[in-house]
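This report concerns only the one structure given below.
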Amino acid sequence: MVLLDGKKTANDIKDEITVSVNEMIARGEKVPHLAAVLVGSDGASLTYVGSKVRACERVGFNSTLVELPETTTEEDLLKTIQGLNKNNDIDGFIVQLPLPKHIDEQKVLNAVNPNKDVDGFHPENFGRMALEMESFIPATPYGILQLLERYQVETKGKHTVVIGRSHIVGRPMSILMSQKGPAGNSTVTLTHSYTKNLSEITKQADIIIVALGIPEFLKAGMVKDGVVIVDVGISRVPDNTKPRGYAIKGDVAFDEVSKKSSFITPVPGGVGPMTIAMLLKNTLIARKRNT
Ligand code: GUN
């Protein structure tokens with residue numbers, strides 16, 4: 001079994017980005033600037049956004065965190081987005097999801113200038129991605145492709161089963177894995193809550209990408225020997241033995257499934273760090289594109 005080490009791979013990518021930033025500085029160019037909008041004070045979102053800001057510092061980017069109260073109206077959030085769209089100093093920005101219930105998430109994402117949409121969530125970028133045109137690829141799927149590519153995991157002609165059809169991970173992943181090109185050319189089955197006999201399908205999979213948010217959902221009895229496992233889950237499970245009172249669990253029962261796997265991502269230290277690295281990569285691309 002080979003561990004798909006997202007922490008190490010993300011650090012390699014961050015080092016590559018740092019080299020590009022240093023070259024930009026040497027040429028007297030402006031360094032990339034990422035902004036993140038956080039509405040409310042959800043614990044997990046605060047952690048993720050904090051990691052994104054720290055990652056910017058690590059590679060030499062400028063970063064701005066826009067923190068808005070939970071009670072922010074949709075109108076005020078849309079105004080903030082218009083401000084970021086117009087601000088020439090900001091190369092790319094993200095709106096951390098989920099948003100409070102009184103705000104229409106899709107309306108907000110539609111308001112982001114597609115050229116600054118480094119999360120790749122705007123319909124224009126999503127459509128361009130599906131058509132294999134140049135676009136911003138959502139950071140988590142992009143990170144998974146990079147992991148598979150850099151570990152030379154064969155995807156061509158393989159059967160990939162994606163579990164979960166979220167707009168952020170499952171749906172784009174299913175599109176990308178079937179595309180022509182590196183980490184593509186796979187035969188993809190996209191499964192979800194209405195899928196019948198899921199185990200029968202997952203047992204036929206060469207590669208399984210799980211993005212459900214249900215801790216330790218995928219068990220050893222659901223996979224065949226030699227399977228490649230990508231675990232996107234990251235749930236906080238109460239655990240009094242941990243200093244913070246919770247443990248981080250993926251969607252895969254790692255101890256038992258890893259014994260049958262050829263490659264597997266750990267949680268934490270798998271897909272999570274890759275997501276952040278690819279967000280930085282998209283911001284670098286935005287900077288170069290907007291020059
Ligand atoms: N919430 C969970 N994942 C993501 C992500 O990739 N981007 C944003 N903006 N919010 C998220």
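Each ligand, and each atom within it, is numbered from 1 in the order the structure gives.
Grouped by direct or indirect side-chain proximity (heavy atoms under 4.5 Å, Ile/Leu/Val/Met/Phe/Trp/Tyr only), Val237 sits alone.
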May I have a table of the N/O to N/O pairs between ligand 1 and the protein that fall below 3.5 Å, each row giving the two atom names and the distance to 0.1 Å?
from     : atom 1 : to     : atom 2 : distance (Å)
ligand 1 : 1 (N)  : Gln96  : NE2    : 3.3
ligand 1 : 1 (N)  : Leu97  : O      : 3.0
ligand 1 : 7 (N)  : Asp119 : OD1    : 3.3
ligand 1 : 7 (N)  : Asp119 : OD2    : 3.1
ligand 1 : 9 (N)  : Val95  : O      : 2.9
ligand 1 : 9 (N)  : Asp119 : OD2    : 2.6
ligand 1 : 10 (N) : Gln96  : NE2    : 3.4
ligand 1 : 10 (N) : Leu97  : N      : 3.0

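Here Asn125 contributes atom CG and Lys116 contributes atom NZ; the two are 14.0 Å apart, rounded to the nearest 0.5 Å. Rounded to the nearest 0.5 Å, atoms NZ (Lys158) and OG1 (Thr187) are 10.5 Å apart.
For the side chain to side chain contact (heavy atoms under 4.5 Å, CB included) test with Asp251, the passing option among Val267, Asp231, Val232 is Asp231; the others fail.
A salt bridge links Glu16 to Arg150: one of the charged nitrogens lies within less than 4.0 Å of a carboxylate oxygen. Here Asp15 pairs with Arg58 in a salt bridge; the nearest charged N to carboxylate O distance falls below 4.0 Å.
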